[in-house]
Protein chains: 2
Amino acid sequence: MLNQNSLSVAQDCSECPIRHRAVCARCETDELERLEDIKYYRRFEAGQTVIWSGDKMDFVGSVVSGIASLTQTMEDGRTQMVGLLLPSDFVGRPGRNTAAYDVVATTDVVMCCFRKAPFEELMEKTPHIAQRLLQMTLDELDAAREWMLVLGRKTAREKIASLLSIVARRDASLNMARLSGAVTFDLPLTREAMADYLGLTLETVSRQMSALRKDGVITLEGKRHITVPDMSVLLEEAGDDTDGGLLV
Amino acid sequence: MLNQNSLSVAQDCSECPIRHRAVCARCETDELERLEDIKYYRRFEAGQTVIWSGDKMDFVGSVVSGIASLTQTMEDGRTQMVGLLLPSDFVGRPGRNTAAYDVVATTDVVMCCFRKAPFEELMEKTPHIAQRLLQMTLDELDAAREWMLVLGRKTAREKIASLLSIVARRDASLNMARLSGAVTFDLPLTREAMADYLGLTLETVSRQMSALRKDGVITLEGKRHITVPDMSVLLEEAGDDTDGGLLV
DNA sequence: CGTACATTTGAATTTGCTCAAATAGAGTGG
DNA sequence: CCACTCTATTTGAGCAAATTCAAATGTACG
């Protein structure tokens, strides 16, 4: 279903699709070799839980292909997604033994895992890994804060538009595409997952998707394939600055 | 007003109140000396803006005393607080030249600042600084994700209770106090700041504070001094697990 | 005492939620 | 290929929570 799934497991880091974006991005050849010694691949099917919050976590790793989500759940079942893990994103926290969130594969996922103890040891000796991890963590913190604005202050319609523009942007940056004019992409999330991301109910998500479609902001082919005729209109709907920032 | 303000500016890191929690926490004596060379103190009065989003930022630093807030503002004026900076918290991002958020002093604030270029240089050579910064950033990311649950899924009443329990917890950890039985602390935020933190209007904040008071969950002396007769009741109201986690 | 500002409270309105039912697809077995 | 099932999605109607607008009250400071 996903073309990424057809990739045979990369044994060689130098041919890895996320080589230049993942936690190993800054590593030199000799540093990569040491990482190769402790790495192994794991596959998860769509819907499968990678790890439960509170479970002992004896590995860390990177998403190689597919999408996973980080969620928190309250006692009465209310759930909030707190992270969307795309290829190259890092899973796990050095220095912590148990998982803080549920990690669930949204699509089929391949992860490049490292046993935690050796990874932590290696991190001590390899500044390039720690440096890259700091950079990635700072980026995630920015993304989380951006999302706090969405969750706290935006209307349902703006929330949907924000999610769509974020996915469009990340998709474009993955495919090196420009975000001018019409943009087309897949939205690999169910209405329920979108709701959990945005702090809405799935009914409200569905209603606002219909409204955006009716108003010509987006076009749907099937449920998951989306076309945005004019990206600047979508950004306007999201309540973001329209000027600049179209690329990246 | 705040007793921290009476501290005469510490010149000597070894007597600094945040010595063991700030970005310099892991530094050895010789590393501290190099930090001392590039550090300077700045004071901000309550209400004063430390830096505007988008401005050039030529320093990074730590909050020594007082409280500052990180906020984002939309074009139409809606604002969302995305961080609450307490003593020892770090301000600024190595590797970035402009501020991403507005930073505003909520109370009078003293900051220990480092010129950005020398600090970044020092960070390259001093793993202890980068290590500590990574740890602090990961903690902030956890806090931000916790807050995403509050913003996305909690009711107004639960949001208020969550904020109060967070402030109570941080206050207790600062004062090495236990969180069993009754707890008393100052809430250094206006109703509007609380609203900006929680994604509510100030009227709703006021109403819910009144409701919690009427229901005996909290007691107010003046507007800002709060007593929680039974911490576990407050945690229950916040929708968090009641069991465990009382200390920390 | 008067001004400025923070807070509280009230009443009407709106947004998004809950509950309920209809519709649309995708996959399965006959 | 069709009927059937399962799940995802859409749509509707009434409701509840939080917002908006408005006014009153309280508090600090000159």
Side-chain angles (χ1 to χ4, degrees), chain A residues 1-2 45-47 74 76-80 106-107 150-164 186-215 218-226 237 239, chain B residues 1-2 45-47 74 76-80 104 106-108 150-164 186-215 218-226 237 239:
Chain A
M1 195 163 279
L2 281 179
E45 291 177 17
M74 293 172 66
D76 60 6
R78 282 176 280 176
T79 36
Q80 176 65 52
T106 298
T107 64
V150 173
L151 290 172
R153 292 301 185 192
K154 292 196 178 180
T155 64
R157 186 181 173 101
E158 288 170 336
K159 285 180 175 184
I160 300 288
S162 298
L163 173 57
L164 294 180
D186 284 314
L187 183 66
L189 301 176
T190 64
R191 296 289 183 260
E192 187 178 23
M194 293 171 71
D196 284 345
Y197 205 143
L198 297 169
L200 296 170
T201 59
L202 66 91
E203 293 96 330
T204 299
V205 170
S206 179
R207 273 184 249 274
Q208 297 299 336
M209 287 289 287
S210 299
L212 288 176
R213 181 170 44 70
K214 191 153 46 190
D215 294 345
I218 58 174
T219 307
L220 293 175
E221 296 155 49
K223 300 296 175 193
R224 306 281 172 80
H225 197 71
I226 294 178
E237 290 286 354
Chain B
M1 196 163 279
L2 280 180
E45 290 176 19
M74 293 171 67
D76 61 6
R78 282 176 281 175
T79 57
Q80 175 65 50
V104 179
T106 298
T107 64
D108 290 351
V150 172
L151 289 171
R153 293 302 186 190
K154 292 195 179 181
T155 64
R157 186 180 174 103
E158 288 170 335
K159 285 181 175 183
I160 300 288
S162 298
L163 173 57
L164 294 180
D186 284 314
L187 184 67
L189 301 176
T190 64
R191 296 289 183 261
E192 187 178 22
M194 291 171 70
D196 284 344
Y197 205 143
L198 297 169
L200 296 171
T201 60
L202 66 89
E203 294 96 329
T204 300
V205 170
S206 179
R207 275 185 248 274
Q208 296 299 334
M209 288 289 286
S210 299
L212 288 176
R213 182 170 43 69
K214 191 154 47 189
D215 295 345
I218 58 173
T219 307
L220 293 175
E221 295 156 51
K223 299 297 176 196
R224 305 282 172 81
H225 196 70
I226 294 179
E237 290 285 355

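Residue numbers start from 1 in every chain, and the chains themselves are labelled A, B, ... in the order their sequence lines are given, proteins ahead of strands.
Applying the side chain to side chain contact (heavy atoms under 4.5 Å, CB included) test to B:Asp186 and every residue at least two apart in sequence or in another chain returns B:His225. Taking the side chain to side chain contact (heavy atoms under 4.5 Å, CB included) definition, one finds that A:Ala46 meets it with A:Asp108, sequence neighbours left out. The side chain to side chain contact (heavy atoms under 4.5 Å, CB included) search around A:Thr219 returns A:Thr227, A:Pro229, not counting sequence neighbours. Residues passing the side chain to side chain contact (heavy atoms under 4.5 Å, CB included) test with A:Ser206, sequence neighbours excluded: none.
Computed from coordinates, the A:Met194 CE to D:dT10 C1' distance equals 14 Å when rounded to whole Å. Rounded to whole Å, atom C1' of C:dA6 lies 14 Å from atom CG of B:Leu187. Rounded to an integer number of Å, the gap from CD of A:Glu192 to C1' of D:dT9 is 12 Å. In this entry the distance linking CZ of B:Arg224 with C1' of D:dG26 reads 13 Å, nearest Å. Rounded to whole Å, the distance from CZ on B:Arg213 to P on C:dT7 is 13 Å. B:Arg78 places its CZ atom 18 Å from the P atom of D:dA18, with the value rounded to the nearest Å. In this entry the distance linking NE2 of A:His225 with C1' of C:dG25 reads 18 Å, nearest Å. If you take NZ of B:Lys214 and P of C:dT7, they are 19 Å apart, rounded to a whole angstrom.
The residues A:Glu237 and A:Lys154 are annotated as not salt-bridged, no charged nitrogen and carboxylate oxygen being separated by less than 4.0 angstrom.
To the nearest 0.5 Å, atom CD of residue B:Glu158 and atom CD of residue B:Gln208 are 10.0 Å apart.
Of the residues in residues 198-208 of chain B, those with a non-hydrogen atom less than 4.0 angstrom from any atom of DNA chain D are B:Gly199, B:Leu200, B:Thr201, B:Glu203, B:Thr204, B:Arg207. Near DNA chain D, defined here as any heavy-atom distance below 4.0 Å, there are no residues from residues 150-158 of chain A.
Under a 3.5 Å cut-off, the side chain of A:Lys159 and the backbone N or O of A:Leu198 do form a donor-acceptor pair.
Evaluated for a side-chain contact (heavy atoms from CB on, under 4.5 Å) with B:Ile226, the options B:Arg213, B:Glu221, B:Met209 yield exactly one hit, B:Met209. For the pairing with B:Arg153, the side-chain hydrogen bond (donor to acceptor under 3.5 Å, both in side chains) check across A:Asp76, A:Asp196, A:Thr79 returns one residue only, A:Asp196.
Contact annotation: B:Arg191 does not reach the phosphate of C:dC5 (side-chain N/O to OP1 or OP2, under 4.0 Å).
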